[in-house]
Amino acid sequence: MAKDEENGGKEGGGAAPKRVGISEAMRQAAGQLAELIGCRPSSVSSMKATEDGWAADVEVVEIEKVPDTTSVMASYHVSLGKQGELLGYERTHRYTRGQVDR
């Protein structure tokens, strides 16, 4: 009997999928969000491993203006699976680029 058949048709014995590394998860979070919302990511401001995969906060430029300090930015909370697949996203904050947190 082939190994694939012994494992119920699942290659690798049904082991849980390996989590992608943090740098790959950061690229995936920014890239997949950009594809969905059509806005250029500016940075990934936080990245955290979760039980289901990864959670990231991605800053994007929503409206470019001149001067660039008046451009409209947004923070998005992004949830990724262990393989870096996008599970969900939510815009959490909008602000002008020149705005400083207090």
Side-chain angles (χ1 to χ4, degrees):
M1 181 184 285
K3 223 178 203 12
D4 190 39
E5 291 173 44
E6 289 175 8
N7 296 324
K10 294 181 182 178
E11 202 169 326
K18 186 177 176 188
R19 181 191 304 263
V20 296
I22 192 167
S23 58
E24 177 60 22
M26 286 177 71
R27 284 189 290 276
Q28 293 283 347
Q32 292 180 72
L33 181 65
E35 282 182 38
L36 284 174
I37 65 173
C39 295
R40 177 175 55 92
S42 178
S43 65
V44 176
S45 58
S46 78
M47 194 80 202
K48 182 171 115 177
T50 66
E51 191 174 303
D52 297 327
W54 294 96
D57 290 321
V58 180
E59 310 303 313
V60 301
V61 179
E62 286 200 330
I63 303 169
E64 291 197 48
K65 293 186 175 186
V66 176
D68 69 349
T69 55
T70 62
S71 293
V72 177
M73 305 289 292
S75 294
Y76 283 83
H77 184 75
V78 178
S79 298
L80 301 172
K82 290 183 179 180
Q83 294 296 299
E85 70 279 9
L86 183 69
L87 300 177
Y89 71 95
E90 174 183 18
R91 183 172 64 196
T92 57
H93 184 64
R94 281 183 104 189
Y95 56 97
T96 58
R97 186 186 297 252
Q99 183 178 339
V100 178
D101 286 343
R102 293 181 185 203

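Between W54 and V78 there is no side-chain heavy-atom pair separated by less than 4.5 Å. When side chains are defined from C-beta on, Q32 counts as touching L80, because their heavy atoms get closer than 4.5 Å. A heavy-atom distance below 4.5 Å is not found between the side chains of Y89 and V58.
Residue V61 is not grouped with residue L36 when hydrophobic side chains (ILVMFWY) are merged at heavy-atom distances under 4.5 angstrom, including chains of intermediate members. Clustering ILVMFWY residues whenever any of their side-chain heavy atoms sit less than 4.5 angstrom apart, transitively, puts I37 in the very cluster that holds M26.
No donor-acceptor pair closer than 3.5 Å links the side chain of S75 to the backbone N or O of T92. Between the side chain of R97 and the backbone N or O of S71 there is no donor-acceptor pair closer than 3.5 Å. Without hydrogens or angle criteria, R40 side chain to A34 main chain gives no donor-acceptor distance under 3.5 Å.
Listed by chain and residue number, Y76, R91, R94 satisfy the side chain to side chain donor-acceptor pair (under 3.5 Å) test with E62 (two or more places apart in sequence, or in another chain). By the side chain to side chain donor-acceptor pair (under 3.5 Å) test, H77 is found to be paired with D57, residues two or more places apart in sequence or in another chain being considered. For S23, there are no side chain to side chain donor-acceptor pair (under 3.5 Å) partners, not counting sequence neighbours.
Checked by atom type, the side-chain pair S45/E59 shows a donor-acceptor distance below 3.5 Å.
Considering all non-hydrogen atoms of both residues, V60 and P41 come closest at CG1-CA, 3.8 Å. Of all heavy-atom pairs spanning V44 and A56, the tightest one is CG1-CB, 4.3 Å. Across all their heavy atoms, M73 and T96 have their closest contact at CG-C, 4.4 Å.
Rounded to the nearest 0.5 Å, atoms CD1 (I63) and OG1 (T70) are 10.0 Å apart. With rounding to the nearest 0.5 angstrom, the CD atom of Q28 is 12.5 Å from the CG atom of L33.
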Practice problem: Show the numbers, then the answer: is there a side chain to side chain contact (heavy atoms under 4.5 Å, CB included) between D52 and K82? | Solution: CA-CA 6 Å; D52 297 327; K82 290 183 179 180; over 6 Å; no
